[in-house]
Participant: 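Quick one: structure below, then a few questions.
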Amino acid sequence: MDFTIPKEAEAFRQEVREFVSKEWPVELRKRAASHGDEVYEQERAFRRKLGERGWLSLPWPKQYGGQERSPLEYYIFHEEMSYAGAPASATGVGMVAPTLMHFGNEEQKGRFLPRIASGEIDFCLGYSEPDAGSDLASLQIRAEEDGDVFVINGIKRWTSGAHRSEYAWLAARTDPTAPKHRGVSMFMVDMKSPGITVRPIWTMGDSRTNETYWENVRVPRENLVGEKNRGWYYLAAALDFERIAVFTVGRFRAVFEQLVEQVKTTEYDGRRLKDDPNIRQKIANISVELEATQMLSFRAAYLVATGQIPNYEAAMLKLYSTEAQQ
């Protein structure tokens with residue numbers, strides 16, 4: 001593997017930085033922590049500007065609204081967005097679109113991808129349930145065939161964005177008699193469909209997630225992704241694609257730089273923190289973890305760039321990155 005960043009990719013990095021500095025300034029970054037409706041609308045407006053530049057769909061084929069840019073440039077874009085705390089990552093862009101590229105049919109690609117690329121629509125993630133989280137294959141929400149539709153009944157929990165998203169990327173059980181990994185199917189569900197109830201769950205950080213109730217929700221067969229009962233594999237692939245965009249090092253590096261600056265300029269009990277050998281050792285340890293995370297991130301991006309799905313590598317990156325950032 002060659003982790004050298006080509007000159008054209010570095011030039012693109014600078015272009016992204018200048019755009020973010022203008023369109024998502026520090027004032028907006030501070031306000032974004034409030035999670036309010038006004039901030040959300042500003043985030044959606046920002047993503048639409050990214051869509052106008054073609055940056056939400058950098059590596060996609062041009063026929064679907066993409067630029068056919070390299071996966072490396074896509075990775076750099078998300079790293080810069082992460083560093084600036086800019087709202088570029090979205091379920092539709094990071095998970096649904098690349099999964100449809102691999103497993104969706106042409107009608108689905110033509111119907112959904114251009115709207116995702118423009119920032120017109122986004123998806124909430126219908127994975128976790130009251131009794132299915134870490135062991136996601138234990139999900140129990142049912143999707144039963146009824147002619148040309150599937151009828152969905154059950155509960156999803158931690159459905160963040162369900163009250164704002166246009167669609168749900170939903171995993172449901174279509175064969176309760178099959179082994180748990182082999183009876184799941186994936187659906188794209190219009191969140192305005194009759195029978196969907198969204199109830200808020202407020203976190204300790206004063207942000208909102210949701211519990212969603214599905215009662216006889218009728219989903220057209222054309223919104224079934226890929227083959228029936230093969231959804232577990234599509235679900236896993238979507239998580240791998242998400243981790244490349246979400247678990248970049250940018251935000252980690254930004255917080256670390258703030259920490260280092262604080263240590264340089266702060267005194268405690270008449271002593272400069274930067275002169276304390278214990279603190280210096282802790283800073284060094286964090287720096288090493290940061291670089292290890294960067295290498296894992298590069299490794300996963302490299303696999304995507306060479307047309308591979310980074311299944312194990314993305315899981316390693318997710319685990320190590322979140323623990324290091326914590």
Side-chain angles (χ1 to χ4, degrees), residues 3 5 13 16-17 20 24 26 28-35 39-40 43 46-47 71-72 74-91 93-95 98 125 127-128 133-134 136 158 160-161 201-209 236 238-266 273-274 276 278-304 310-326:
F3 289 163
I5 307 297
R13 185 194 297 276
V16 173
R17 284 182 181 177
V20 173
W24 195 253
V26 175
L28 277 178
R29 300 174 199 180
K30 292 179 179 178
R31 291 184 61 195
S34 67
H35 306 290
V39 171
Y40 175 75
E43 291 176 349
F46 178 80
R47 278 195 288 268
L72 177 59
Y74 175 73
Y75 170 81
I76 286 174
F77 167 75
H78 280 286
E79 189 168 73
E80 289 300 316
M81 290 290 150
S82 173
Y83 183 86
S89 295
T91 300
V93 174
M95 300 181 70
L125 191 61
Y127 281 2
S128 296
S134 298
L136 186 56
W158 317 129
S160 299
I201 299 175
W202 293 98
T203 72
M204 292 175 66
D206 199 31
S207 61
R208 174 176 173 169
T209 184
L239 286 172
D240 295 337
F241 290 125
E242 176 208 27
R243 287 163 182 164
I244 303 307
V246 173
F247 297 103
T248 59
V249 181
R251 188 58 187 152
F252 187 1
R253 192 176 297 280
V255 173
F256 177 68
E257 290 175 1
Q258 294 172 23
L259 173 63
V260 171
E261 188 61 30
Q262 188 74 16
V263 169
K264 286 181 177 179
T265 58
T266 301
L273 292 184
K274 68 177 184 177
D276 187 318
N278 292 322
I279 291 179
R280 294 174 67 89
Q281 182 64 49
K282 289 181 180 180
I283 292 292
N285 289 341
I286 296 173
S287 179
V288 170
E289 290 188 346
L290 172 59
E291 293 309 313
T293 306
Q294 182 75 77
M295 292 302 103
L296 288 171
S297 189
F298 277 156
R299 168 65 173 165
Y302 167 83
L303 292 174
V304 173
N311 187 269
Y312 303 115
E313 294 80 3
M316 291 166 59
L317 171 61
K318 192 266 185 183
L319 177 62
Y320 191 88
S321 174
T322 49
E323 290 187 351
Q325 292 185 59
Q326 183 72 27

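Residue numbers count from 1 along this sequence. Worth knowing before you read on, the calculation uses all heavy atoms, side chains too, and leaves out hydrogens, waters and symmetry mates.
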Participant: Roughly how far, to the nearest 0.5 Å, is CD1 of Ile283 from CG of Leu290?
Facilitator: 11.0 Å
Participant: Might you work through the side chain to side chain donor-acceptor pair (under 3.5 Å) test for Asn285 and Glu289, ending with a clear yes or no?
Facilitator: CA-CA 6 Å; Asn285 289 341; Glu289 290 188 346; over 6 Å; no
Participant: Please round to the nearest 0.5 Å and tell me the distance separating atom NZ of Lys318 and atom CG of Leu296.
Facilitator: 14.0 Å
Participant: Can Val16 and Met81 be said to form a side-chain contact (heavy atoms from CB on, under 4.5 Å), step by step?
Facilitator: CA-CA 8 Å; Val16 173; Met81 290 290 150; 3.7 Å; yes
Participant: If you look at every heavy atom in Ala300 and Leu317, which pair is closest and at what distance?
Facilitator: CB-CD2, 4.2 Å
Participant: Do Arg13 and Glu79 sit within salt-bridge range, that is, some charged N less than 4.0 Å from a carboxylate O?
Facilitator: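 The answer is yes: the pair qualifies as a salt bridge.
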Participant: Roughly how far apart are Ile286 CD1 and Leu259 CG, rounded to 0.5 Å?
Facilitator: 5.5 Å
Participant: Hey, is Glu291 close enough to Arg253 for a salt bridge, meaning N to O under 4.0 Å?
Facilitator: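 Result for this pair is yes, salt bridge flagged.
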Participant: Determine, stepwise, if the pair Glu261 / Gln258 fulfils side-chain contact (heavy atoms from CB on, under 4.5 Å).
Facilitator: CA-CA 5 Å; Glu261 188 61 30; Gln258 294 172 23; 5.8 Å; no
Participant: For residues Tyr75 and Ser297, report the shortest heavy-atom separation together with the two atoms involved.
Facilitator: OH-OG, 2.6 Å
Participant: Taking Thr266 for the side chain and Leu273 for the main chain, is one N or O donor matched with an acceptor at less than 3.5 Å?
Facilitator: no
Participant: Which atom pair, heavy atoms only, marks the closest approach of Val249 to Gln294?
Facilitator: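 Minimum heavy-atom contact is CG2-CA, 3.5 Å.
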Participant: Nearest 0.5 Å please: distance from the OG1 atom of Thr203 over to the CZ atom of Arg208.
Facilitator: 12.0 Å
Participant: Keeping Arg47 on the side-chain end and Pro87 on the backbone end, is there a donor-acceptor pair under 3.5 Å?
Facilitator: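 Checked: pair present.
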Participant: Any donor-acceptor pair under 3.5 Å linking the side-chain atoms of Gln325 with those of Ser321?
Facilitator: yes
Participant: Begin with the C-alpha distance, continue with both residues' side-chain angles, and end with the deciding distance and a verdict on side-chain contact (heavy atoms from CB on, under 4.5 Å) for Asp276 and Arg280.
Facilitator: CA-CA 6 Å; Asp276 187 318; Arg280 294 174 67 89; 5.9 Å; no
Participant: Minimum heavy-atom separation for Leu136 and Tyr127, please, with both atom names.
Facilitator: CD1-O, 3.3 Å
Participant: Return the minimal non-hydrogen interatomic distance between Tyr320 and Ala292, and the atom names on each side.
Facilitator: OH-CB, 3.6 Å
Participant: Can you tell me how far CG of Leu303 sits from CZ of Phe298, rounded to the nearest 0.5 angstrom?
Facilitator: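 So the gap between those two atoms works out to 13.5 Å.
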Participant: Can you list the steps and then say if Met95 with Leu125 is a side-chain contact (heavy atoms from CB on, under 4.5 Å)?
Facilitator: CA-CA 9 Å; Met95 300 181 70; Leu125 191 61; 3.8 Å; yes
Participant: Ignoring hydrogens, what is the shortest heavy-atom contact between Ser287 and Phe256? Give both atom names and the distance.
Facilitator: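 Result for this residue pair: CB-CZ, 3.8 Å.
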Participant: In Å, rounded to the nearest 0.5 Å, how long is the span from CH2 of Trp24 to CD of Glu43?
Facilitator: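 Reported to 0.5 Å precision, the distance equals 5.0 Å.
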